[in-house]
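First listed ligand is number 1; within each ligand, the first listed atom is number 1. Note: hydrogens, waters and symmetry copies are ignored here, and every other heavy atom, side chains too, is used.
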Amino acid sequence: MIRAFVVGHPIAHSRSPLIHGHWLAELGIKGSYERVDVAPAHFAAFLTGLREHGFSGGNVTIPHKEAAFALADRLTPRARRIGAVNTLFFDETGQLTGDNTDAPGFIAHLDQSLGLDWPRRGDGSAVVLGAGGAARAIVVGLLDRGVASVHVANRTLTRATSLVALDSERVSALSWDGLDTVLPKAGLIVNTTSLGMAGHPSLDLDLRLLGADAVVADIVYVPLETPLIAAARTRGLATVDGLGMLLHQAVPGFERWFGRKPEVTPALRTRILSDLVPA
Ligand code: NAP
């Protein structure tokens with residue numbers, strides 16, 4: 001039986017076991033995907049013992065993503081650029097390899113929701129709100145997908161500036177006050193801050209500045225319809241919610257560990273939604 005895990009501290013809240021459990025059952029694979037709670041002091045020992053415990057790999061979440069980056073035997077190019085690892089697997093030579101699937105997960109969700117032409121909307125630019133760990137993955141994903149330019153706006157400007165080094169010709173940093181200059185031409189606006197999350201203040205953005213073909217995406221998925229998404233819908237704009245990124249980022253890991261590529265289907269979405277919003 002193939003075993004995979006999600007490791008974090010705490011870990012009880014993770015929806016990943018539901019996602020992978022759904023695919024294991026759907027594809028009839030004899031395997032397991034287990035939650036493992038490991039405190040930071042024991043994380044290195046946990047990685048060393050993976051083979052011994054029969055694990056073929058797994059997911060890494062808060063607070064271990066940077067430690068996994070430092071401890072993996074090797075890194076995929078995108079994990080190296082993002083600076084954090086959320087997926088571990090053994091490569092063909094047995095080396096523990098760290099990947100980051102948030103970038104392709106976000107992009108796959110946009111492609112599935114909007115069709116493949118979305119990078120041509122507006123003047124081809126994207127505005128990323130926020131400059132934390134998720135923003136870094138999303139900027140890498142947007143650059144790799146061929147978006148013409150990415151404007152990163154963050155409350156703390158220095159954090160946005162640190163993302164410019166990813167591609168100084170295509171990435172620029174600005175403060176919240178500078179948004180008025182970039183919003184009117186942008187084809188995509190993505191909220192990667194925690195604003196709009198249940199229990200947090202909502203994101204206050206003047207959507208009247210956006211062009212009619214702009215897409216508004218939010219990676220917050222609790223609630224699924226954030227105030228930003230609701231306001232964009234009211235304005236008649238195309239919107240993309242945060243649940244799809246969570247589902248799509250799980251695909252590459254499952255394929256590595258269990259040898260079959262799973263699909264993000266409406267049935268999976270409904271299953272996870274019913275857990276997020278119990279009837
Ligand atoms: P993080 O590294 O802590 O970054 C948080 C970001 O939010 C920073 O840019 C921070 O700005 C900004 N922020 C926080 N409070 C703010 C406020 N009051 N006003 C303005 N900006 C504020 O967190 P993260 O890991 O990037 O995650 C961010 C969000 O994405 C979370 O809600 C998380 O649940 C969600 N997420 C979703 C997925 C998915 O699969 N859908 C995946 C990963 C993360 P400063 O730099 O100025 O502090």
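Not a single protein heavy atom sits closer than 4.0 Å to atom 5 (C) of ligand 1. Within a 4.0 Å radius of atom 32 (O) of ligand 1, the protein has at least one heavy atom. Distance remark: protein heavy atom present below 4.0 angstrom from atom 37 (C) of ligand 1.
Side-chain contact of Thr87 with Asp99: a donor-acceptor pair under 3.5 Å is absent, judged by distance alone. Side-chain atoms of Asp123 and Ser125 form a donor-acceptor pair, as typed in the model, at a separation below 3.5 Å. A donor atom on one side chain and an acceptor atom on the other are not found under 3.5 Å apart for Thr265 and Glu263.
Both the backbone and the side chain of Leu246 come within 4.0 Å of ligand 1, judged by heavy-atom distances. For Ala131, every heavy-atom contact with ligand 1 shorter than 4.0 Å involves the backbone, none the side chain. Both the backbone and the side chain of Thr156 come within 4.0 Å of ligand 1, judged by heavy-atom distances. The part of Thr192 lying near ligand 1 is the backbone, judged by heavy-atom distances below 4.0 Å.
Proximity to Val220 (heavy-atom distance under 4.0 Å) selects the following atoms of ligand 1: 32 (O).
Annotation: Tyr221 places no N or O atom under 3.5 Å from an N or O atom of ligand 1; distance criterion only.
Note on Val139 and Leu174: separate hydrophobic clusters, where clusters join Ile, Leu, Val, Met, Phe, Trp and Tyr whose side-chain heavy atoms are under 4.5 Å apart, directly or indirectly.
Judged purely by atom type and a 3.5 angstrom limit, Asp218 has no side-chain atom pairing as donor or acceptor with the backbone of Ile229.
Protein heavy atom closest to atom 20 (C) of ligand 1, with residue, atom name and distance, is Leu195 CD1, 3.5 Å. Regarding atom 3 (O) of ligand 1, its nearest protein heavy-atom neighbour is Arg159 NH2, 4.6 Å.
Between His20 and Trp23, the two ring planes are perpendicular [angle over 60°; tilted spans 30° to 60°]. Under the 30°/60° scheme for interplanar angles, the aromatic rings of Phe5 and Phe55 are found to stand perpendicular.
For atom 42 (C) of ligand 1, the nearest non-hydrogen atom from the set His109, Met245, Arg155 belongs to Met245. The nearest non-hydrogen atom to atom 43 (C) of ligand 1, considering only Ala134, Ala135, Pro201, comes from Ala134.
Residue contact check for ligand 1: Met197 places a non-hydrogen atom closer than 4.0 Å to it.
Looking at heavy atoms from C-beta onward, Val147 lies in side-chain contact with Trp118 at the 4.5 angstrom threshold.
When Asp144, Asp167, Asn100 are each tested for a side chain to side chain donor-acceptor pair (under 3.5 Å) with Arg81, only one passes: Asp144.
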